[in-house]
Structures are given as C-alpha cells and as structure tokens.
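Remarks on the structure that follows.
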Amino acid sequence: MAVMLYLATSPKTYNANVEQPGPFSQVGDKRIGKRSWQSFTGDIFNHHPSVFYLFEPYQTVERLHGSVAPFNRDYQDKSFQWMQGVFQCKFVSPKHANDLQHYYRKVQGMRRSRETQASVALSSPPFCHFNTSDPRWNLKDACPEPFDQKMLEKVCEKKYNMTVVKALMGRMPNNSIEQLINVCDSSKEFDCKLLFLVRDPRGIFVIFA
C-alpha cells in the first residue's frame, strides 16, 4: 500500500505587524477565497478516484481517548497504533470505524463544513449508492446504511491504491513528525511519502479571524 502523508504547519500566533488580508487571501490564488492552500491541496487528493483520503485522523485519537495532550504518553501509544492501522487499512476497533463514519462521512459535531471534512471515499460506493458527483447523491438517501470495521478494511484494501492523510503538526505527539516516520519504518507493508506544506500565515489569517 502506498501512503502519502500530507503535513501542514499550524500557526499559533498572529503578528500584528503583518498586514491583514481582506475578504480574499492576498497571498496565492485569489480564487481560493477564505480557504487556504492546505484545504485546496487536500481537495485534490480527496477527489482522486484511487485515493483513500482522511482529513486529520489524529482527531479520532483525541475523541476516543479524551483529547489527551500531544505530550501525554498514552496519547503517543494510542496514536501510533491508530496511524499504523490507517496505513495498513486496519482500523483498530469498531469504535474507531464508527468514529470515521460519524466525522468523515456524516460530519457530525464538527465546526468545519462537509466540503472540507468529509472523505469522498467514505461517501462513495460501496459505502453509498451513488458517487458524490451524481446529482442524486444526498447523505440521507444515498448513504442510509452504516458500515462496519470489516467492510471498511476490505474496501480500503481492495478498491484504493493509495492512502493519503492530512496531519497537523500541532496534533502529532511532541509536535513532531518523528512518530509518523517511526510508523513508516515499522512495516514493509506500506511505502510512505511525505508532503510537507509550510503555510504563509498572512494568507490564512482570515480563517482564524
């Protein structure tokens, strides 16, 4: 299984000396509007028919294990197990599979829009009756049945050639990519590639305003 790790920095402070952008980002392509280049890049992977894409899967560990801090030892162990499983299309437990269903297909309880958060792979056949590009698609009618862990693992392994995950540095243990590198080195079943996107904070200020 080929694995692409799409990493992004997460600026925590804003420099008041930097000129603030207007309604549209003044950095990069103005057609993107308030969405940053990291979201735009994620969309490219998400809509590729051969890619199983997950938006910030470290959030699953936070939700299932009480939002433990990135410097917490338990968080490190649980996130290692989870990310290693994601890379191998082995999703650890029914609770983990159910979390993907709620937050990456139904997009429940999230501040972000479905456009940003939802996985196209989890919203397409065989999980749903129609592709998301089909005018007949809507969540209620097109995806009425839940999926289980076994089905999720089978489809991920058989239908998709590559798994792509977006991960923020701020959610990684110790705010470092060291764990992901160790996960990549832990098995010969997957071949990892890293895409590290360093964002210009001027162009994303409107997202956090």
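Quick note: numbers below take in every heavy atom, side chains included, and nothing from hydrogens, waters or symmetry partners.
When all heavy atoms of Phe80 and Ser186 are compared, the pair lying nearest together is CZ-CB, 4.2 Å. Residues His96 and Phe91 come closest through the heavy atom pair CB-O, 3.1 Å. In this structure, Ser79 and Val61 approach most closely via the heavy-atom pair CA-CG2, 3.8 Å.
Here the CE atom belonging to Met151 is positioned 9.0 Å from the NZ atom belonging to Lys154, to the nearest 0.5 angstrom. The SG atom of Cys192 lies 9.5 Å from the CD1 atom of Ile181; values are rounded to the nearest 0.5 Å. The line from CD1 of Ile177 to CG of Asn182 is 10.0 Å long, rounded to the nearest 0.5 Å. Expressed to the nearest 0.5 Å, how far SG of Cys89 lies from NZ of Lys159 amounts to 12.5 Å. Taking CG from Leu100 and OG from Ser119, the interatomic distance works out to 8.5 Å, rounded to the nearest 0.5 Å.
When atom types are taken as modelled, the side chain of Arg171 and the backbone of Glu62 share no donor-acceptor pair closer than 3.5 angstrom. With hydrogens and angles ignored, the 3.5 Å screen pairs a side-chain donor or acceptor of Gln179 with a backbone N or O of Gln76.
Under the 3.5 Å distance criterion, with hydrogens and angles disregarded, no donor-acceptor pair is assigned to the side chains of Gln84 and Gln88.
Criterion: ILVMFWY side-chain heavy atoms under 4.5 Å apart, direct or through other members. Under it, Met162 and Tyr104 are part of a common hydrophobic cluster. Hydrophobic clustering of Ile, Leu, Val, Met, Phe, Trp and Tyr side chains at less than 4.5 Å, counting indirect connections, keeps Ile44 apart from Val120. Under a hydrophobic clustering in which Ile, Leu, Val, Met, Phe, Trp and Tyr are joined whenever their side-chain heavy atoms come within less than 4.5 Å, directly or via other members, Tyr75 and Val92 fall into the same cluster. Under a hydrophobic clustering in which Ile, Leu, Val, Met, Phe, Trp and Tyr are joined whenever their side-chain heavy atoms come within less than 4.5 Å, directly or via other members, Met169 and Val86 fall into the same cluster. Note on Val165 and Tyr160: same hydrophobic cluster, where clusters join Ile, Leu, Val, Met, Phe, Trp and Tyr whose side-chain heavy atoms are under 4.5 Å apart, directly or indirectly.
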Check against side chain to side chain contact (heavy atoms under 4.5 Å, CB included), Asp99 and Lys95
CA-CA 6 Å; Asp99 183 84; Lys95 287 185 178 180; over 6 Å; no
Kindly indicate, with the supporting measurements, whether the criterion salt bridge (Lys or Arg N to Asp or Glu O under 4.0 Å) is fulfilled by Glu56 and Lys166.
CA-CA 5 Å; Glu56 298 184 20; Lys166 175 197 169 184; 3.3 Å; yes
One pair to check against side chain to side chain contact (heavy atoms under 4.5 Å, CB included): Gln81 and Asp77. What are the steps and the verdict?
CA-CA 6 Å; Gln81 179 189 29; Asp77 294 340; over 6 Å; no
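Within the 4.5 Å cutoff, the side chain of Phe87 has heavy atoms near those of the Leu180 side chain. Side-chain contact between Val164 and Phe52 is absent, with no heavy atoms from C-beta onward closer than 4.5 Å. Residues His47 and Tyr53 are not in side-chain contact: their nearest non-hydrogen atoms beyond the backbone lie 4.5 Å or more apart. Using a 4.5 Å cut-off on side-chain heavy atoms (C-beta onward), Leu168 and Tyr58 make no contact. Side-chain contact between Met83 and Pro57: present, with at least one pair of heavy atoms (C-beta onward) separated by less than 4.5 Å. Between Thr163 and Leu54 the shortest side-chain heavy-atom distance does not fall below 4.5 Å. Counting only heavy atoms from C-beta outward, the side chains of Leu152 and Leu122 approach each other to under 4.5 Å. When side chains are defined from C-beta on, Gln59 does not count as touching Tyr103, because their heavy atoms never get closer than 4.5 Å.
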Pairs of donor and acceptor atoms involving the side chains of residues 140-147, under 3.5 Å and at least two apart or interchain, shall be tabulated with distances.
{"residue": "Asp141", "atom": "OD2", "partner": "Asn138", "partner atom": "ND2", "Å": "3.2"}

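Take Lys150 and apply the side-chain contact (heavy atoms from CB on, under 4.5 Å) test, not counting sequence neighbours, and it matches Asp148.
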